[in-house]
Amino acid sequence: GQNIDQPTEMTATEGAIVQINCTYQTSGFNGLFWYQQHAGEAPTFLSYNVLDGLEEKGRFSSFLSRSKGYSYLLLKELQMKDSASYLCAVRRNDYKLSFGAGTTVTVRA
Amino acid sequence: DAGITQSPRHKVTETGTPVTLRCHQTENHRYMYWYRQDPGHGLRLIHYSYGVKDTDKGEVSDGYSVSRSKTEDFLLTLESATSSQTSVYFCAISWTSGSHQSSYNEQFFGPGTRLTVL
């Protein structure tokens, strides 16, 4: 079975940095994804990690530690448009994804 | 744009009625998925398909059936809808490396169908 935990909500100020943590327990790990989902819309792909370390993509970075079952998504220079839910998803060896419940980030002016 | 659409986008129905949701893709991708999304639960896999007439169950398949008679269409059927099936349903597609610019095999999601069962 899968157990994926992430905080329910986070609030931060425009221009600040926010780190969203995700911990997981799984068998047959084959990568971790982060998706962004604005209210009323479909999830969209943000990042993918399969090896330990940091992947940087502009203002967004994602980190993975497989030995600790831990990932984080780092959002820098927050903008109002970053207000959304962020979904952590673990892929198993059968290529199915298991999602966490999502973290709602609210960016305040 | 991964070329994935869902229909209908919104539906209100009554308990006990059959409902079919359609997912259509235009790029001949092999893998298709149906998820439901509910507050506090995130996205949960209902059924998936790895080719025409090849489908398998996900973690919340009870009360749902699927069919895939053509590569481009993946249908989700609620034989007798219940109020617990009120949810937002997302279809997703993915592909193996080599047929897309990404090697991640990430899933692309359709716009979703909001289903209300009264």
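Residue numbers start from 1 in every chain, and the chains themselves are labelled A, B, ... in the order their sequence lines are given, proteins ahead of strands.
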- Query: Same cluster or not: are B:L43 and A:F45 linked, directly or through other Ile, Leu, Val, Met, Phe, Trp or Tyr residues, by side-chain heavy atoms under 4.5 angstrom apart?
  - Reply: yes
- Might you work through the side chain to side chain contact (heavy atoms under 4.5 Å, CB included) test for B:E106 and A:F33, ending with a clear yes or no? CA-CA 8 Å; B:E106 76 267 28; A:F33 293 82; 3.5 Å; yes
- Using non-hydrogen atoms only, which part of B:L45 is less than 4.5 Å away from chain A: side chain, backbone, both, or neither? side chain
- Note on the structure: Filtered by a 4.5 Å non-hydrogen cutoff, the part of residues 71-81 of chain A contacting chain B is none
- Are A:Y24 and A:L54 co-members of a hydrophobic cluster defined by side-chain heavy atoms under 4.5 Å apart? no
- Task: Would you name the heavy atoms of B:G40 and A:A101 that are closest together and state the gap between them?
- Result: O-CB, 3.7 Å
- Message: Looking at every heavy atom in both A:A42 and B:G110, which two are closest together, and how far apart are they?
- Response: CB-O, 3.0 Å
- Message: Before you tell me yes or no, could you show the steps for A:K96 and B:E59 under side chain to side chain contact (heavy atoms under 4.5 Å, CB included), namely the whole-Å CA-CA distance, both residues' side-chain angles and the distance that decides it to 0.1 Å?
- Response: CA-CA 10 Å; A:K96 292 184 210 175; B:E59 59 184 297; over 6 Å; no
- Message: With clusters defined by side-chain heavy atoms of hydrophobic residues (ILVMFWY) lying less than 4.5 Å apart, directly or transitively, does B:V60 cluster with B:V66?
- Response: yes
- Could you tell me whether B:R44 atom CZ has more than 12 heavy atoms of other residues or ligands within 6.0 Å of it? yes
- Query: What part of B:Q37 is in contact with chain A, defined as an atom under 4.5 angstrom from a non-hydrogen atom: side chain, backbone, both or neither?
  - Reply: side chain
- Query: Got more than 12 heavy atoms from elsewhere within 6.0 Å of CD, B:E14?
  - Reply: no
- Item | Which residues share a side-chain contact (heavy atoms from CB on, under 4.5 Å) with A:N93, sequence neighbours left out | A:N30
- Message: Pair B:Y35, A:L97 - check side chain to side chain contact (heavy atoms under 4.5 Å, CB included), show working.
- Response: CA-CA 10 Å; B:Y35 291 90; A:L97 291 183; 3.9 Å; yes
- So if you build clusters from Ile, Leu, Val, Met, Phe, Trp, Tyr with side-chain heavy-atom gaps below 4.5 Å, do A:M10 and A:F63 land together? no
- Message: Under 4.5 Å between side-chain heavy atoms, counting indirect links through other Ile/Leu/Val/Met/Phe/Trp/Tyr residues: same cluster for B:F90 and B:L75 or not?
- Response: no
